[in-house]
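Reading through the structure tokens given below for one structure.
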Amino acid sequence: MGDFVRIPGVDFQNSFAPTINDITWRLLLILLLVNNYDAKIIDVETAFLLGDLDEEIFMQAPEGLGIGDDECLQLLKSIYGLVQAARQFYKFFIAVLKKIGFEVSLADPCLL
């Protein structure tokens with residue numbers, strides 16, 4: 001993506017991805033402790049590579065790929081460094097959770 005300028009509303013529409021509210025997080029921790037539940041925290045290392053793109057995005061080819069300077073690549077999936085990468089992963093993740101029966105809370109979009 002180099003020195004290219006990305007203009008909100010032109011190059012992308014939304015980049016916001018919600019994060020859990022601190023009150024929701026504290027409430028979940030209290031429920032875990034009071035009910036003696038086990039909890040697991042996971043880190044999806046390739047999270048930003050899972051989101052589908054809503055826009056057509058082209059990028060300059062990295063050095064060593066053997067593509068000329070006048071050619072570019074079209075991205076088919078989100079990559080690290082994209083402004084909208086976090087939002088695209090959030091949309092993907094929420095869709096998966098909804099498919100298996102979870103519902104998004106009206107109080108906090110990160111609480112399912």
Next on the checklist: Tell me whether the count of non-hydrogen atoms from other residues, nucleotides or ligands lying under 6.0 Å of CD1 in Ile100 goes above 12.
Outcome noted: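 Yes, CD1 of Ile100 has more than 12 neighbouring heavy atoms, counting only those of other groups under 6.0 Å.
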
Next on the checklist: So for atom CG, which belongs to Leu106, do other residues, nucleotides or ligands contribute more than 12 heavy atoms lying within a distance under 6.0 Å?
Outcome noted: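 No - once you tally the heavy atoms of other residues, nucleotides and ligands closer than 6.0 Å, there are 12 at most.
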
Same cluster or not: [X] versus [Y], using hydrophobic residues (I, L, V, M, F, W, Y) connected whenever any side-chain heavy atoms lie under 4.5 Å apart?
X      : Y      : value
Ile42  : Phe92  : yes
Phe102 : Leu111 : no
Val104 : Phe89  : yes

Identify the heavy atoms of [X] and [Y] that sit nearest to each other, and give their distance.
X     : Y      : value
Ile20 : Cys110 : N-SG, 3.5 Å
Leu76 : Leu53  : C-CD1, 4.2 Å
Leu73 : Pro62  : CD1-CD, 4.2 Å

Checklist entry - Which distance, rounded to the nearest 0.5 Å, do you find between the OG of Ser78 and the CD1 of Ile57? => result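 Ser78 OG to Ile57 CD1: 7.0 Å, rounded to 0.5 Å.
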
Next on the checklist: Distance check, rounded to the nearest 0.5 Å: Glu71 atom CD versus Leu65 atom CG?
Outcome noted: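 Going from the CD atom of Glu71 to the CG atom of Leu65 covers 10.0 Å.
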
Flag the pair [X] / [Y] as yes when at least one side-chain heavy-atom distance between them is below 4.5 Å, and no otherwise.
X     : Y      : answer
Tyr90 : Pro109 : yes
Lys98 : Glu103 : no
Val44 : Phe93  : no
Leu82 : Leu75  : yes

Item to check | Any donor-acceptor N or O pair under 3.5 Å, side chains Gln84, Glu55 | outcome: yes

Indicate every side-chain donor-acceptor pair of residues 26-38 with a distance under 3.5 Å to a residue at least two apart or in another chain.
unit_1, atom_1, unit_2, atom_2, d
Asn35, ND2, Leu31, O, 3.0

Checklist outcome for this item: Sorted by chain and number, sequence neighbours left out, salt bridge (Lys or Arg N to Asp or Glu O under 4.0 Å) with Asp52 holds for Lys77

Item to check | Backbone of Thr24 reached by a side-chain donor or acceptor of Asp108 within 3.5 Å | outcome: no

